[in-house]
Amino acid sequence: MGLARRCPHTVVEAFDIDPASRDACEEMARDNGVGDRVFIRGACSPEELNRLPLSGPLLVCDCQGYEDQLLDPAAAPGLLQCDLLVELHDFANHDITTNVLRRFSSTHHIRLIPSVNRDPNLYPGLWFLKDRRDRGIALGEQRVPMNWAYATLRGEARK
């Protein structure tokens, strides 16, 4: 919703396997006045990616370890024509980062961005939690440190 609100000419294609989450996203899109540009679908697959116009857009991917199967240019060639921002869940499969780098390094500049802990004092909405540790837990969601890959098309790969 944030992307659609910040970029008023952007169409967002979103995927979620959970029906309740899809319903909540659709309601949030309507409530934020972007329901006409946010389309929420079920499970994503390389076949689903092949149905999207991937030439030029930014693909943002946070799919809890499925990125190794989903982001396969052999199955979805359009991935080689878009920029990518991908959370790498190496805890699910220790080869994910290696595979993403190998698959996209010849067509994309790739920068790995490490996740960082957020300062709970910078979020006033959490101040009702008196203990700083509780605010940290609320922000961190008990997540393990991960990297994001930001992959932008190399000039010669842009069409």
Do Leu112 and Val100 belong together in a cluster built from hydrophobic side chains that touch within less than 4.5 Å? yes
On a heavy-atom basis, which atom in Arg22 and which in Ile40 lie closest, and how many Å separate them? CG-CG2, 3.5 Å
Would you say that Ser45 contacts Gln69 through its side chain, given a criterion of any heavy-atom pair below 4.5 Å between the two side chains? no
Run the salt-bridge test on Glu27 and Arg30 with the 4.0 Å N-O cut-off and return the result as yes or no. no
Do Leu54 and Leu79 have side chains that get closer than 4.5 Å, going by heavy atoms? yes
Passes side chain to side chain contact (heavy atoms under 4.5 Å, CB included), Cys61 versus Leu70? Steps please. CA-CA 9 Å; Cys61 182; Leu70 182 64; 4.1 Å; yes
What's the shortest heavy-atom distance between Leu49 and Cys44, and which atoms? CD2-SG, 3.8 Å
State, with a plain yes or no, whether a side-chain heavy atom of Cys25 is found less than 4.5 Å away from one of Val38. no
Option among Asn99, Asn93, Thr98 that satisfies the side-chain contact (heavy atoms from CB on, under 4.5 Å) test with Ile96: Asn93
How long is the straight-line distance from CE of Met28 back to CG of Asp23, given to the nearest 0.5 Å? 12.0 Å
Of all the heavy-atom pairs spanning Ala149 and Ile110, show the shortest one and how long it is. CB-CG2, 4.2 Å
If hydrophobic clusters are built by linking Ile, Leu, Val, Met, Phe, Trp and Tyr wherever their side-chain heavy atoms come under 4.5 Å apart, do Leu129 and Leu139 end up in the same one? yes
His89 and Asp62: side-chain hydrogen bond (donor to acceptor under 3.5 Å, both in side chains), yes or no, with the steps? CA-CA 9 Å; His89 297 88; Asp62 181 3; 3.2 Å; yes
Taking Arg103 for its side chain and Leu71 for its backbone only, find out whether a donor-acceptor pair lies under 3.5 Å. yes
Check this for me: Arg5, atom CZ, are more than 12 non-hydrogen atoms of other residues, nucleotides or ligands nearer than 6.0 Å? no
Short side-chain to backbone donor-acceptor contact, Arg37 and Pro8, under 3.5 Å: yes
With the 4.5 Å side-chain cut-off for hydrophobic clustering, are Leu122 and Phe128 part of the same group? yes
Quick one: pull up CG in Leu101 and NE2 in His108 and give me the separation to the nearest 0.5 Å. 12.0 Å
Please confirm whether the backbone N or O of Met146 pairs with a side-chain atom of Asp90, one donor and one acceptor, at under 3.5 Å? no
Does atom CZ of Arg102 have more than 12 heavy-atom neighbours from other groups under 6.0 Å away? yes
Apply side chain to side chain contact (heavy atoms under 4.5 Å, CB included) to residues Arg111 and Trp148 and explain how you reach the verdict. CA-CA 8 Å; Arg111 181 169 53 118; Trp148 287 78; over 6 Å; no
Can you see which heavy atom on Leu153 is nearest to which on His109, and at what distance? O-CD2, 4.3 Å
Hey, any chance Phe15 and Ile17 share a hydrophobic cluster, counting ILVMFWY side chains that come within less than 4.5 Å of each other, even indirectly? no
Could you give the distance from CZ (Phe39) to CD (Glu26), rounded to the nearest 0.5 Å? 11.0 Å
Before giving the answer on side chain to side chain contact (heavy atoms under 4.5 Å, CB included), spell out for Val86 and Tyr150 the whole-Å C-alpha distance, their side-chain angles and the decisive distance to 0.1 Å. CA-CA 7 Å; Val86 182; Tyr150 181 49; over 6 Å; no
Between the side chain of Asp72 and the main-chain N/O of Ala74, is any donor-acceptor distance below 3.5 Å? yes
Checking Asp83 against Thr152: is there a side-chain donor and acceptor pair closer than 3.5 Å? no
Do Arg135 and Asn121 make a side-chain contact, defined as non-hydrogen atoms from C-beta onward lying under 4.5 Å apart? yes
Please report the closest heavy-atom contact between Tyr66 and Pro46, naming both atoms and the distance. OH-CD, 3.9 Å
Should Cys82 and Leu58 be marked as a side chain to side chain contact (heavy atoms under 4.5 Å, CB included) after you check the CA-CA gap, both sets of side-chain angles, and the distance that decides it? CA-CA 6 Å; Cys82 67; Leu58 170 66; over 6 Å; no
Donor-acceptor pair, Arg41 side chain versus Ala14 backbone, under 3.5 Å? no
Taking all non-hydrogen atoms of both residues, which atom of Asn50 and which atom of Pro77 are closest, and how far apart? OD1-CD, 3.4 Å
Please answer: with hydrophobic residues joined when any side-chain heavy atoms are less than 4.5 Å apart, are Leu84 and Leu52 in the same cluster? yes
